[in-house]
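Just so we're on the same page: letters track the sequence lines, and every chain starts at 1.
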Number of protein chains: 2
Amino acid sequence: MARTTGSHSEITGPRVREAALRLFARHGYAAVSMRQIATEVGVQAGALYNYTPDKQSLLFSLMRGHMDELLAARKALGEEGSPTDRLERFTRFHISFHSERPEAVFISYMELRSLEPENFQIIESLRRDYENALEGILRDGMDSGAFTVADPKIATLAVIAMLTGVNTWYRSAGRLTLEEVEQIYWDMVRRCVS
Amino acid sequence: MARTTGSHSEITGPRVREAALRLFARHGYAAVSMRQIATEVGVQAGALYNYTPDKQSLLFSLMRGHMDELLAARKALGEEGSPTDRLERFTRFHISFHSERPEAVFISYMELRSLEPENFQIIESLRRDYENALEGILRDGMDSGAFTVADPKIATLAVIAMLTGVNTWYRSAGRLTLEEVEQIYWDMVRRCVS
DNA sequence: GTCTATACCTCGATAGAC
DNA sequence: GTCTATCGAGGTATAGAC
């Protein structure tokens, strides 16, 4: 892991982000030092500042990148089909997307309070966009009579909380395959809104 | 807020815990310094060490106290009635108990990673006790035919995640009363398992 | 682009006066 | 029981050599 002088910007940049992602997720933003990140990458602390203006920007960039990916992937699901079909797609998508990047998910939920106010507002707004996508499905289903939901706003938050909870226990080497987990949760979500 | 020399142990002790609870919840354990806590209480940093051997013990004591309260209150719900009745009691209890102490709940979920290993094991074990109480209700309901649940372990985690999510948005001055929130969630939980 | 060195600050925790 | 003062460690970020 010892490093000598040289240029490695194309390699080191991503490695800084990966190390920060892993360490922030494991120990928390405030508990991780720039020196630790540098050690993980194999450079000295000063070298990190070639890739980020400061520690806060590094956190924000990770969270922003995650939310942008999430929203783009959600959009790619499309709007075709019945509300029930769309809700099933959303449910399965949420579980599989989140299970593939547990560290980014964890940071994006846990480190909101570590963001400076302007950065917080931006991430919060992106998250609301995501919630609104689900709420739209639920409202369409209420209008068409497919769903019975007392309060679509609350049902949205309840479903997302339930689905995101998968990340606290799911391991790909565990008792259930991801497909089985998706099926179990889809059964519960479907019954929740019918 | 300026303080003079004197003895105030009966007052200061609880005040230290309250200040730590509030600050840990707002900014995170790692981001809060003993000096900040002392300032909030109105003493100097050194004086805190009359009430806790160190910062870690303060965190653990807060989390331990919360879990003990939670388990005692859950036990007081009793085991009488049908599985459906018990599930309704559990659901309403979880929501109201958690909504009354959002800071302790927040810390107990978010700061698990800030605990030293031995302390972590203790809190995790208490949390499993709580989950097992709900799982027992679900299993009894499956046995009696009242519930249809594909996987009681997963349903337990799903229901708890859904219910705990209330704390992320519920405010007592908001659009809905706590009773209304409880009713909405009970409807969703009931349908989830039927 | 990375290094070494360092400025400057804040941390947790302790010692000893009152 | 609280104060002031302080220790030693470690924090972010920058400067300048290579």
Taking only Lys NZ, Arg NE, NH1 and NH2, and the carboxylate oxygens of Asp or Glu, determine whether [X] and [Y] approach each other closer than 4.0 Å.
X	Y	value
B:E179	B:R92	yes
A:R74	A:E79	yes
A:R190	A:E88	no
A:E18	A:R101	no
A:R22	A:E40	yes

[X] [atom1] to [N] [atom2]: how many Å, rounded?
X	N	atom1	atom2	value
B:Y29	C:dC11	OH	C1'	12 Å
B:I37	C:dC11	CD1	P	11 Å
B:L48	C:dT14	CG	P	13 Å
B:Q56	C:dA13	CD	P	10 Å
A:L58	D:dT12	CG	P	11 Å

> Angle class for the B:F24/B:Y29 ring planes (parallel below 30°, perpendicular above 60°, tilted otherwise)?
Replying inline: perpendicular
> At under 4.0 Å, does any side-chain N or O of B:T12 touch on OP1 or OP2 of D:dG1?
Replying inline: no
>> At less than 4.0 Å, is any side-chain N or O atom of A:Q44 found next to OP1 or OP2 of C:dT4? Yes or no.
In response: yes
Close N/O contacts between protein and nucleotides 7-11 of chain D (under 3.5 Å):
{"from": "D:dG11", "atom 1": "OP1", "to": "A:S33", "atom 2": "OG", "distance (Å)": "3.1"}
{"from": "D:dG11", "atom 1": "OP2", "to": "A:R35", "atom 2": "NE", "distance (Å)": "3.2"}
{"from": "D:dG11", "atom 1": "N7", "to": "A:R35", "atom 2": "NH2", "distance (Å)": "2.5"}

>> Name the residue from A:E124, A:Q56, A:R64 that meets the side chain to side chain donor-acceptor pair (under 3.5 Å) definition with A:N119.
In response: A:Q56
>> Would B:R113 pass as a cation-pi partner of B:F120, given that its NZ or CZ must be under 6.0 Å from the six-membered ring centre and within 45 degrees of the axis?
In response: no
> Does a side-chain heavy-atom distance below 4.5 Å link B:D129 with B:L126?
Replying inline: yes
Listing time: all N or O pairs from protein to nucleotides 14-16 of chain D that are below 3.5 Å?
none

> What's the closest nucleotide to the B:N50 side chain, out of C:dT2, D:dG1, D:dC3?
Replying inline: D:dG1
